[in-house]
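One structure is given below, encoded as structure tokens.
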Amino acid sequence: MRAVRVERFGGPEVLVAGEVPDLAAGPGQVVVGVRAADVLFLDVQVRRGLFGEHFAVRPPYVPGCAVAGRVLSVGEGVDPGWTGRRVAARTGVQGGYAEQAVVPAGELVPVPDALDLDTAAALLHDGPTALALSDNARIGPGARVLVLAAAGGMGALLVQLAKASGARVVATARGRRKLDAALALGADAAVDHSEPDWADRAREAVGGAGAWC
Ligand SMILES: NC(=O)c1ccc[n+]([C@@H]2O[C@H](COP(=O)([O-])OP(=O)(O)OC[C@H]3O[C@@H](n4cnc5c(N)ncnc54)[C@H](OP(=O)(O)O)[C@@H]3O)[C@@H](O)[C@H]2O)c1
């Protein structure tokens, strides 16, 4: 199979595609034929060599924290009924940027037919985090919510969740294209955080009395 490996810590140039051996499922595991790999800001930071104290990842390695695709094979002790099913699954901190990924069967999330696999992969990390943030903040009608970096993976979900809760939502992002994306997702106002006065403009947009961020 083909996989993308990080040959050494660094910029995007250290990502190298090439042939690697096919994978086999061990006991309690499955092999997923990868259709989409989740790409997180965290992947980029680890690839640059950050957070070594938290993640035991050293080059060479295949990056990628989550995948979506179809189950190709199952290991000992796993229900063979998983074979061929559309699934999404976390892989840990490596293994996703490849045509195949091995994951524990307990990590499998069935993907409904109505959801495409690219979106399923994108939601696997950002979705639960955004829901937890939104739920714990108890956002509701009348709330004023400021979403920073609102066109990123997490920000895009938080704009939609806050708006659906009835809040007034002010988004910040860098550049017209991202500002328009945040407005299209439902933000009531958008402020460019690359402008020097952005904090004043954001405060004014939320109503002058502060906001939940
Ligand atoms: N995804 C998760 O499940 C999760 C969980 C816990 C914490 N977080 C944290 O939440 C934050 C956002 O994560 P995310 O997954 O939404 O990331 P993302 O999709 O990569 O978005 C990050 C946003 O940050 C802005 N940014 C500012 N400085 C940047 C830089 N030097 N390089 C790249 N982007 C930069 C960019 O917006 P502009 O171009 O508009 O400035 C970009 O859209 C990160 O700090 C991440 O560690 C994420």
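When a ligand or atom number is given, it counts from 1 through the structure's own listing order. Everything numeric here is computed off the predicted structure, so don't read it as measured data.
The single protein non-hydrogen atom nearest to atom 7 (C) of ligand 1 is T129 CG2, 5.0 Å, given as residue, atom name and distance. With hydrogens left out, the protein atom closest to atom 28 (N) of ligand 1 is R174 NH2, 3.8 Å, a heavy atom. Considering only non-hydrogen protein atoms, atom 23 (C) of ligand 1 sits nearest to A149 CB, 3.7 Å. Annotation: atom 22 (C) of ligand 1 to nearest protein heavy atom, G152 CA, 4.5 Å. Taking atom 37 (O) of ligand 1 as the reference point, the nearest protein heavy-atom neighbour is K178 NZ, 3.6 Å. At the top of the distance list for atom 41 (O) of ligand 1, counting protein heavy atoms only, stands H193 NE2, 2.7 Å. Closest to atom 35 (C) of ligand 1 among all protein heavy atoms lies F41 CZ, 4.5 Å. From the protein, the heavy atom lying nearest to atom 12 (C) of ligand 1 is M154 CB, 4.3 Å.
For atom 31 (N) of ligand 1, no protein heavy-atom neighbour is found at a distance under 4.0 Å. In this structure, atom 9 (C) of ligand 1 has no protein heavy-atom contact shorter than 4.0 Å.
Considering only heavy atoms from C-beta on, Y61 comes within 4.5 Å of R47 through its side chain. In this structure the side chain of R86 reaches within 4.5 angstrom of the side chain of D113, judged on heavy atoms. Taking 4.5 Å as the limit, some side-chain heavy atom of R35 sits within range of a side-chain heavy atom of D118.
In the hydrophobic clustering of ILVMFWY residues, with side-chain heavy atoms under 4.5 Å counting as a link, V67 and V62 come out apart. If you chain together hydrophobic residues whose side chains sit under 4.5 Å apart, V4 and M1 never meet in one group.
Considering backbone and side-chain atoms together, A173 places no N or O closer than 3.5 Å to any N or O of ligand 1.
Counting the atoms of ligand 1 from 1 in the order shown, those under 4.0 Å from a heavy atom of H125 are 3 (O). Atoms of ligand 1 lying under 4.0 Å from any heavy atom of G153, numbered from 1 in the order shown and given with element: 16 (O), 18 (P), 19 (O).
One finds no salt bridge joining D38 and R90 here, because no Lys/Arg side-chain nitrogen approaches an Asp/Glu carboxylate oxygen to under 4.0 Å. Between R176 and D180, at least one side-chain N (NZ, or NE/NH1/NH2) sits under 4.0 Å from a carboxylate O, which counts as a salt bridge.
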Verdict with reasoning, L157 to L131, per side-chain contact (heavy atoms from CB on, under 4.5 Å): CA-CA 8 Å; L157 294 177; L131 283 169; over 6 Å; no
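Heavy-atom distances between D126 and ligand 1 reach below 4.0 Å in at least one pair.
Looking at D188, its side chain never comes within 3.5 Å of a backbone N or O of V170 through a donor-acceptor pair.
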